[in-house]
Amino acid sequence: MSQSIVPVLTPVAVEAPYSYAVPDGMTLSPGDVVVVPLGPRTVLGVVWDGEPDRIVRGKLRPVEAKLAGPAIAPAMRRFVEWIADYTLSPRGMVLRMMLRVPEAFGPQMPVIAVRLAGAPPERMTEARRRVLEVAGDGLAWSKTALARAAGVGVSVVEGLIQAGTLQCVALPPKPVVAPPEPDFAATALTQAQSGAAEALADAVAAGGFSVSLLEGVTGSGKTEVYFEAMSEALRRGRQVLVMVPEISLTAQFLARFEARFGTMPAEWHSGLTPKLRERTWRGVASGEVKAVAGARSALFLPFADLGLIVVDEEHDPAYKQEEGVIYSARDMAVVRGSLEGVPVVLSSATPSVESRANAERGRYRHLRLPDRYGARLPDIRAVDMRSDGPERGRFLSPPLVAAIAATIAGGEQALLFLNRRGYAPLTLCRACGFRFECPNCSAWLVEHRFRRQLACHHCGHAIPRPVNCPNCGAEDSLVPCGPGIERIAEEAAERFPDIRILMLSSDLIGSIAELRQRFTMIERGEVDLVVGTQLVAKGHNFPNLALVGVVDADVGLATGDPRAAERTFQLLQQVTGRAGRQRDGGRALIQTFDPDHPVIKAIVSGDREAFYAREMESRERQGLPPFGRLAAILVSARSQDEAASHAKALARAVPPADGVRVLGPAEAPLAVVRGRHRFRLLVKARRTFDLQGFLRAWFDAAPKPRGSVRMSVDVDPLSFL
DNA sequence: AGCACGCCGACT
DNA sequence: GTCGGCGTGCTC
């Protein structure tokens, strides 16, 4: 009888499963999680589908063990393959993301408890008597809890176990969360809301894959609407997954979920303790955990009976994984929905252009919530900085200063938004014109007055702020150019010496706890004026916020990013929408040098349709997604020369293909990320073009990366570095 | 000589 | 991704 062989995919950078011998007496089927030897170590692997590759050099090594836990379901195996094919990543690397919960694959440690079982011990002591009194309730106690309740040491309890009076019992693991109640606190919905809610609930009831784009301005009640769809899935006993873009945003989501369903959902993100990760993973796999709110990685949880996926704030760039396997969690959520055969809901006040295009083409159901429920929209105006700008060296225009003064005088809060950290984005020498640039990147060094440094925002390179010009030696000649939020806060403090100002930016915040604490301060009215970066655009609601001032709406519009307009539109819509969120109206003033720019006009007029129509037309003209296909090839290495030469060699090896254009690499690296110099090649192709096939052929023919050179592929990228 | 570090390639 | 092998170059 021939020895039986199985294909096993291992979580390393390999394309195909390896073949292993099955030891006598072990039966394995696809999906089983196994322990296999790999080189000098042993790793987890998953028995894969199909025939094992019999052409193996060297000897076959045997599978060491089959794990008792849940197998990886077929839909999950297809998910791994799909992502690997789409992102051109090795399958093993994608599998790795699924096996990143090592605790969950070991033997499950039962919780041991003790219970009164046998006759009293022959030797009774006072301590033993007290323990037996407490344990007399017949319930199972943990050893420490019992000892504590009886006021004795754990050794007394252990003595009674020895004596046979107490017996050890294995408890079922403690549930991660209590099950949510679908109808705990059903919300009264407006007519528009209930129409959308019914459509979503119908999709859940009908089962099968579908995608719905739920679109409605801030405050229109999207959450309440998709809660109804979740309620329907929960009522059917199925599991729901809600994706949220950032951990810092989950707190308020959890609270709203609890108010609606009576308990918190399980959380999933990188900050969980190993123990909680394990329990959550197992609970999801057993089907006991019914609702999960999580970050990108929650996509790889082994749901036993998934009934619905919701992607909240679907346009958010945080959904994109930028390192390792580069993928968009929003898109992969749709893929998982299709492989699992469950409905997907994408929710946003400012949907991505791709999702809008899919909705318009009829691939997604489009559900709109037209009204701002229970409040008016803010009054938004542009301030033309060419005619109404401030005096030289200042950045707050007279109309904005007047509005801040009036707001604070009225006992309300104001917010100044500028998406630029630090004090000044450029420092130059008045004497010789020298500009401080990053030695690694083609970027200016940003002055951080608080830290007394000049820092590169791409690679983190920082130097102490010099006193004299390093080029000509002139004294007192260095001048900061342009504002960051530190400079805006400084100007505000000069203009309004008596108000309480709070700065919020990622580099000034140490932890999520600290961020939450700052948000609470704002909420309690302990602050009059908030000066912040995009950190203030999302998340927390500020109930007392009456005025939003956008210091420079043109930031971000002039970058080379094909999604710059979309991004700016989304950001400005979000940040202006914070004015008067829970009050009547509210105001927003937008400082700009280009009030006729379509993005600014769309924000001021509130005409979202005009923006989307224009943006689609422009994308179509340029052959950009969703009308064309785009990929970014990132080549990185420790040295700039090495990265540049490989990027150039790659560019020379482009195979001829009709309807595809490869751009780049530029002369200087695009950025330095974690000490690695990154060059980028852009591939533009027709929508119908087989981009993956082209890329594979290209890389097969091109020189292989050597040494520290690494390549990654970002297909249909959501953002550009 | 002995060891630290970095690069390279194999892993069934 | 991770490990061992092996080269280079530095130090005791």
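Keep in mind it's a predicted model, so treat the numbers as computed, not measured.
Taking atom CD1 of residue A/I5 and atom P of nucleotide B/dT12, one finds them 14 Å apart after rounding to whole Å. Across the protein-nucleic acid pair, A/E642 atom CD and B/dC8 atom C1' stand 12 Å apart, rounded to whole Å. One atom, CG of A/L44, and another, C1' of C/dG1, lie 14 Å apart when rounded to the nearest Å. In this structure, the CZ atom of A/R41 is 7 Å from the P atom of C/dT2, given to the nearest Å. Atom CE in A/M97 sits roughly 12 Å away from atom P in C/dG1 (whole-Å rounding). Protein atom CD of A/E15 is 16 Å distant from nucleotide atom C1' of B/dA10, rounded to whole Å. Atom P of nucleotide B/dC11 and atom CG of A/L60 are separated by 13 Å, given to the nearest angstrom. Taking atom CD of residue A/E51 and atom C1' of nucleotide B/dT12, one finds them 16 Å apart after rounding to whole Å.
In terms of the side-chain hydrogen bond (donor to acceptor under 3.5 Å, both in side chains) criterion, residue partners of A/W48 (sequence neighbours excluded) are, by chain and number, A/E81. Contacts of A/E514 classified as side-chain hydrogen bond (donor to acceptor under 3.5 Å, both in side chains), with partners at least two apart in sequence or in another chain: A/R518. For A/A462, the side chain to side chain contact (heavy atoms under 4.5 Å, CB included) partners at least two apart in sequence or on another chain are A/Q453, A/A455. Here A/V446 pairs with A/H448, A/H457 under the side chain to side chain contact (heavy atoms under 4.5 Å, CB included) rule; sequence neighbours left out. By the side-chain hydrogen bond (donor to acceptor under 3.5 Å, both in side chains) test, A/Q692 pairs with A/R629, sequence neighbours left out. Residues satisfying the side-chain hydrogen bond (donor to acceptor under 3.5 Å, both in side chains) test with A/E340, not counting sequence neighbours, are A/R336. Partners of A/D32 according to the salt bridge (Lys or Arg N to Asp or Glu O under 4.0 Å) rule, which considers only residues two or more places apart in sequence or in another chain, are A/K66.
Within residues 6-13 of chain A, the residues that have a heavy atom under 4.0 Å from DNA chain C are, in order of number, A/V12, A/A13.
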Which atom pairs link the protein and nucleotides 5-8 of chain C when you take only N or O atoms and keep those under 3.5 Å?
none

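A sub-4.0 Å separation between OP1 or OP2 of C/dT2 and a side-chain N or O of A/R96 is present.
Closest to the A/P40 side chain, of the nucleotides C/dG1, B/dT12, C/dG4, is C/dG4.
Here the rule is side-chain hydrogen bond (donor to acceptor under 3.5 Å, both in side chains) with A/S348, and of A/H315, A/Q570, A/R330, A/E314 only A/H315 fits it.
Taking the ring centroids of A/Y327 and A/Y86, they lie at or beyond the 6.0 Å cut-off.
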